[in-house]
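Read the structure below first, then the notes.
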Amino acid sequence: MGKSATLENVFRALGDRTRLRLLHLMNGREICVCYLVEVLNVPQPKISRHLAYLRRAGLVLARREGKWMHYRLASPSNRHAADILSTTLDSISREPQMQRDLQKLNSACCGPRSLVHVIGAPLPAEL
């Protein structure tokens, strides 16, 4: 499967709760995998598999910086896929679990025992 945001690939990618949570956390920011693991409390290999799925669907882009992998949303060239992604992100942003995830992200990157201090992880960057 290539990096193509076809409608079929988008719907398949959006059909998983963990992938929705990942997309929500990446919305408007570039974020290191370590934060995604911390916030979702899911093992890193499983997070990486979900991120690879989202990359193949054309919904996220990855960038390596040293030992850190950063992910952000892609802008699908397929207008309908882009509209579906935008509508989905808007809709899920109101869900309590998604809001808790954002709160947990803020603790993971900004608190006294944050991943920045504990393992040297780079802060999520606003886009």
Side-chain angles (χ1 to χ4, degrees):
M1 189 187 299
K3 295 179 183 177
S4 173
T6 66
L7 290 181
E8 290 174 359
N9 292 343
V10 169
F11 281 117
R12 282 188 194 113
L14 298 177
D16 180 89
R17 186 73 179 168
T18 299
R19 289 194 290 270
L20 288 173
R21 291 173 72 195
L22 290 169
L23 290 168
H24 176 69
L25 288 169
M26 287 183 271
N27 193 11
R29 69 188 59 80
E30 182 179 70
I31 186 167
C32 177
V33 169
C34 60
Y35 290 106
L36 300 171
V37 170
E38 177 76 13
V39 171
L40 273 61
N41 195 29
V42 172
Q44 186 272 326
K46 188 170 185 177
I47 293 290
S48 291
R49 281 194 303 276
H50 282 295
L51 290 167
Y53 196 101
L54 292 168
R55 280 179 74 181
R56 287 190 305 270
L59 298 180
V60 300
L61 300 171
R63 176 181 67 84
R64 179 178 293 283
E65 184 177 313
K67 65 180 180 176
W68 309 105
M69 282 299 291
H70 301 267
Y71 286 85
R72 64 184 167 91
L73 295 180
S75 289
S77 57
N78 179 316
R79 183 177 60 83
H80 299 295
D83 289 346
I84 290 165
L85 178 59
S86 177
T87 301
T88 300
L89 289 170
D90 182 55
S91 178
I92 65 174
S93 70
R94 297 177 200 72
E95 293 183 9
Q97 181 180 38
M98 300 299 176
Q99 297 199 357
R100 284 191 304 272
D101 286 350
L102 282 180
Q103 289 172 347
K104 194 168 178 184
L105 174 62
N106 288 332
S107 316
C109 67
C110 305
R113 296 188 48 132
S114 71
L115 293 179
V116 173
H117 295 99
V118 175
I119 63 171
L123 286 170
E126 296 290 323
L127 295 176

Exercise. Do you know which two heavy atoms are closest between Ile31 and Leu25, and how far apart they sit?
Worked result: CD1-O, 4.5 Å
Exercise. Which pair of heavy atoms, one from Ala13 and one from Tyr53, lies closest together, and at what distance?
Worked result: CA-CE2, 3.6 Å
What pairs of donor and acceptor atoms, side-chain ones from residues 72-79 against any protein atom, are under 3.5 angstrom apart with sequence neighbours left out?
residue, atom, partner, partner atom, Å
Asn78, OD1, His80, N, 2.9
Asn78, OD1, Ala81, N, 3.0

For this session: List for me each residue that meets salt bridge (charged side-chain N to carboxylate O under 4.0 Å, His left out) alongside Glu95, sequence neighbours excluded, and say none if there are none.
Result: Arg17
Seminar exercise, completed: When rounded to the nearest 0.5 Å, the distance separating CG of Leu23 from CE of Met98 is 9.0 Å
Exercise. Who passes salt bridge (charged side-chain N to carboxylate O under 4.0 Å, His left out) against Arg63, sequence neighbours left out?
Worked result: Glu30, Glu65
Problem set entry | side-chain hydrogen bond (donor to acceptor under 3.5 Å, both in side chains) partners for Asn27, two or more places apart | none
Exercise. In chain order, what residues pass the side chain to side chain contact (heavy atoms under 4.5 Å, CB included) check against Val33, with sequence neighbours excluded?
Worked result: Val37, Gln44, Ile47, Leu51, Met69, Tyr71
Exercise. Which distance, rounded to the nearest 0.5 Å, do you find between the CG of Asn9 and the CG of Leu59?
Worked result: 8.5 Å
Exercise. Could you give the distance from NZ (Lys46) to CZ (Arg49), rounded to the nearest 0.5 Å?
Worked result: 7.0 Å
Exercise. In Å and rounded to the nearest 0.5 Å, what is the CG to NE2 distance from Leu89 to His24?
Worked result: 8.5 Å
For this session: Sorted by first residue and then second, give each salt bridge (Lys or Arg N to Asp or Glu O under 4.0 Å) pair with at least one member in residues 84-93; sequence neighbours left out.
Result: Asp90-Arg94
Problem set entry | Whether Ser86 side chain and Ala82 backbone form a donor-acceptor pair below 3.5 Å | no
Problem set entry | By side chain to side chain contact (heavy atoms under 4.5 Å, CB included) - contacts of Pro96 (at least two apart) | Arg100
For this session: Not counting sequence neighbours, which residues clear salt bridge (charged side-chain N to carboxylate O under 4.0 Å, His left out) with Arg19? List them please.
Result: none
For this session: Can you sort out the partners of Thr18 under side chain to side chain contact (heavy atoms under 4.5 Å, CB included), two or more places apart, ordered by chain and number?
Result: Asp16, Leu22, Leu40, His50
Exercise. How far does CG of Leu105 sit from CG of Asp101, to the nearest 0.5 angstrom?
Worked result: 9.0 Å
